[in-house]
**Q** 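Have a look at the structure that comes next, please.
In what follows, every heavy atom counts, from backbone to side chain, and hydrogens, waters and symmetry copies are set aside.
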Amino acid sequence: MQEFVQPSQSTTTNCTREQYDADYARSIAEPDAFWLEQAQRLDWITPPTKGGEWSYDPVEIRWFADGTLNLCHNAVDRHLANKADKTALIFEPDDPDGKVRKLTYAELHGEVVRMANALKAMGVTKGARVTLYMPMVVEGVVAMLACARLGAIHSVVFGGFSPEALAGRIIDCESEFVITADEGRRGTKPIPLKANVDAAVDEHETPVKGVLVIAHTGADIAMKDGRDHWYADLASDEDCPCEPMAAEDPLFILYTSGSTGKPKGVLHTTGGYGVWTACTFHYVFDYQPADVFWCSADIGWITGHSYVTYGPLLNGATQVIFEGVPNYPDHGRFWQVIAKHKVSIFYTAPTAIRAMMREGDGFVTSHDRSSLRLLGSVGEPINPEAWRWYRDVPGEGRCPVVDTWWQTETGGIMLTTLPAAHAMKPGCAGLPFFGVQPQLVDNEGGVLDGVAEGNLCLIASWPGQARTLYGDHERFVQTYFSTYKGKYFTSDGCQRDENGYYRITGRVDDVINVSGHRMGTAEVESALVLHPRVAEAAVVAFPHDIKGQGIYCYVTLNAGEDGSDDLAAELRQQVRKEIGPVATPDRIHFTDGLPKTRSGKIMRRILRKIAENDYGSLGDTSTLADPSLVDRLIEGRVDG
Ligand code: PRX
């Protein structure tokens, strides 16, 4: 096991080791009392008297069920009393010479009201699903909050998904409204957001009746009469009160990939999610009122929901919203932004850290990082080498690093160290947050105690837990609660060491974590087999220096067809069209067959080992229908 690293800078702290020990024990022994107390971080219209009411068999989860509140009020309006002039958002555009836009809480309130009025004018009401397909701009956050204000359910679709993927998500949650921008821009590259919305809505049977378009780049785009509206034409400053919501009313749907079938619409509700994001933000980032926080995630992912839109604003924090990419105009862009806006807490993904590490320290050290006091990592396992570099070079050896493990389904951070309370271990997420009860089990469900490696389950509910999959509770039950009855199964492998620290080893299902983004192998396979020359496809992960994992595709072609570089390029294009650039295959391996058992089941274990270049441990191949295929697959392995 790795060494302990003591936090070398003693921060003003929201939690000492003694407090953590006492509060953690209490959060387990008296969860309702503990969480009803934490719920007071929010303003309630009707304060809740009930804590958790949940069961994992049958699956039914409620928190604070008799409380009512509005999260937009909590993120914006309530700060007007004493933080009206405090900066809420600092927008840093893609172009480093572009215009920085700062909004106080009072100005943010004005924007949210204008957006909410525009949505109302389109016909958005409480409970309506509203799809957002947006660049990383102020209006993205504003649109999420405006939905929350009206009680509408937002479903944000990452701008890197294709029109096909967007259409699938619109149709699945029967969303009648879309909010988008003319174009996005990342590293000077324009992203045709409105054109993609047109393709999604015009080429599919969707229920969309209103599209709200934000003028961002000023690009010339087509507007469809009666359906498309410029934001500026519908926005108005009229009074627009916050809709009172029951704690268990839905707040948002966020689609994420699973090991089978189409993406799942993970549903989060208002009260529990609000309490979880507000509370984790306060403790994990040891948030102090003078901090400038920056989470580099896009609002299209859960990290952007919980630690861009909700967590920081519920705490009345000042934060940076960044439109660009880490390598434009050069590899020092993140550190330049940190110096420019005096960021004190920075939260990013291991992929970005590894990519920057490769470019050399000069891109970091040429920028002033004296404002930084805390660094965070999220989204995928961070290798100890990258962890140490992050801490020593950007963090100058004085900033604690929190390696936070969580998932779309958990709503917020679950395993982490707390900056001043716990020593850190490079590569280890750390300890359970308040109320989190991890358990490691073997493949048969046997509970593993002490130092162990196994499948990570959570055996008690927490307020931020997803409640269901939109429109498919049975799939929710099957996916998360059926492998180990009575437990939430995370699908992650995990080790626990002698200090009780948890280290996530990665997914144990057919989900690939590419640059911290979840990709279902089944989705990529479905996209590949749509090509008329493809007979069959099997997709697995392989270790990738920068992305963590890459996408390796085994493809068999129809009789008489031969593989070629051109066809590989076509297949890549096919996947980009069906899912989006985020899912672009790294390697395409044409083969004359896939290893199957005599009953026809593809032996993915073998395909994974070959993709990983690990032939020593292929295991038993004697049950294969065609054992000689393995040698041909090894010979044909695609490298680079
Ligand atoms: O495998 C784990 C990995 O990311 C998965 C969840 O992905 P998603 O729902 O997209 O949420 C990502 C942002 C929270 C997990 O099942 N993961 C996330 N954080 C870590 C991690 N793996 C190791 N260490 C982490 N800190």
**Q** If you take all heavy atoms of Ile602 and Lys596, which pair is closest and at what distance?
**A**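 Closest heavy-atom pair between Ile602 and Lys596: CG1-CE, 3.9 Å.
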**Q** So Phe476 and Leu267, side-chain contact (heavy atoms from CB on, under 4.5 Å) or not? Walk me through it.
**A** CA-CA 10 Å; Phe476 184 65; Leu267 184 115; over 6 Å; no
**Q** Assign the ring pair Tyr307 / Tyr347 to parallel, tilted or perpendicular, where the plane angle (0 to 90°) is split at 30° and 60°.
**A**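 Rings of Tyr307 and Tyr347: perpendicular, as their planes differ by over 60°.
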**Q** Could you pull out the closest heavy-atom pair between Thr416 and Val402, with the gap in Å?
**A**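 Residues Thr416 and Val402, closest heavy atoms: OG1-CB, 3.7 Å.
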**Q** Quick check: closest heavy atoms across Phe434 and Trp276, and the distance to 0.1 Å?
**A**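 Shortest heavy-atom separation between Phe434 and Trp276 comes out as O-CH2, 3.4 Å.
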**Q** Please determine whether side-chain contact (heavy atoms from CB on, under 4.5 Å) holds for the pair Ser491 and Val511, giving the CA-CA distance in whole Å, both sets of side-chain angles, and the decisive distance to 0.1 Å.
**A** CA-CA 9 Å; Ser491 293; Val511 167; over 6 Å; no
**Q** List the atom of Ser259, the atom of Asp510, and the distance in Å for their closest heavy-atom pair.
**A**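 The answer is CB-N, 3.6 Å.
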**Q** If you measure from CD on Gln549 to CZ on Phe542, what distance do you get to the nearest 0.5 Å?
**A**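 It comes to 9.5 Å.
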**Q** Mind telling me whether Trp294 and Phe334 have parallel, tilted or perpendicular rings, with 30° and 60° as the class edges?
**A**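 Plane angle over 60°, so perpendicular.
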**Q** Decide ring-ring contact (aromatic ring centres under 6.0 Å, His included) for Tyr488 and Trp54; before the verdict, give the C-alpha distance in whole Å, the side-chain angles of both, and the deciding distance to 0.1 Å.
**A** CA-CA 12 Å; Tyr488 169 82; Trp54 59 272; over 10 Å; no
**Q** Identify the heavy atoms of Ile353 and Ile382 that sit nearest to each other, and give their distance.
**A**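 Of all heavy-atom pairs spanning Ile353 and Ile382, the closest is CD1-CD1, 3.9 Å.
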**Q** How would you list, by chain and number, every residue that makes a side-chain hydrogen bond (donor to acceptor under 3.5 Å, both in side chains) with Thr269, sequence neighbours excluded?
**A**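 Scan of Thr269 (side-chain hydrogen bond (donor to acceptor under 3.5 Å, both in side chains), adjacent residues dropped) gives Glu248, Arg467.
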**Q** If the threshold is 4.0 Å, N to carboxylate O, is there a salt bridge linking Asp472 and Lys264?
**A**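 No, this pair does not count.
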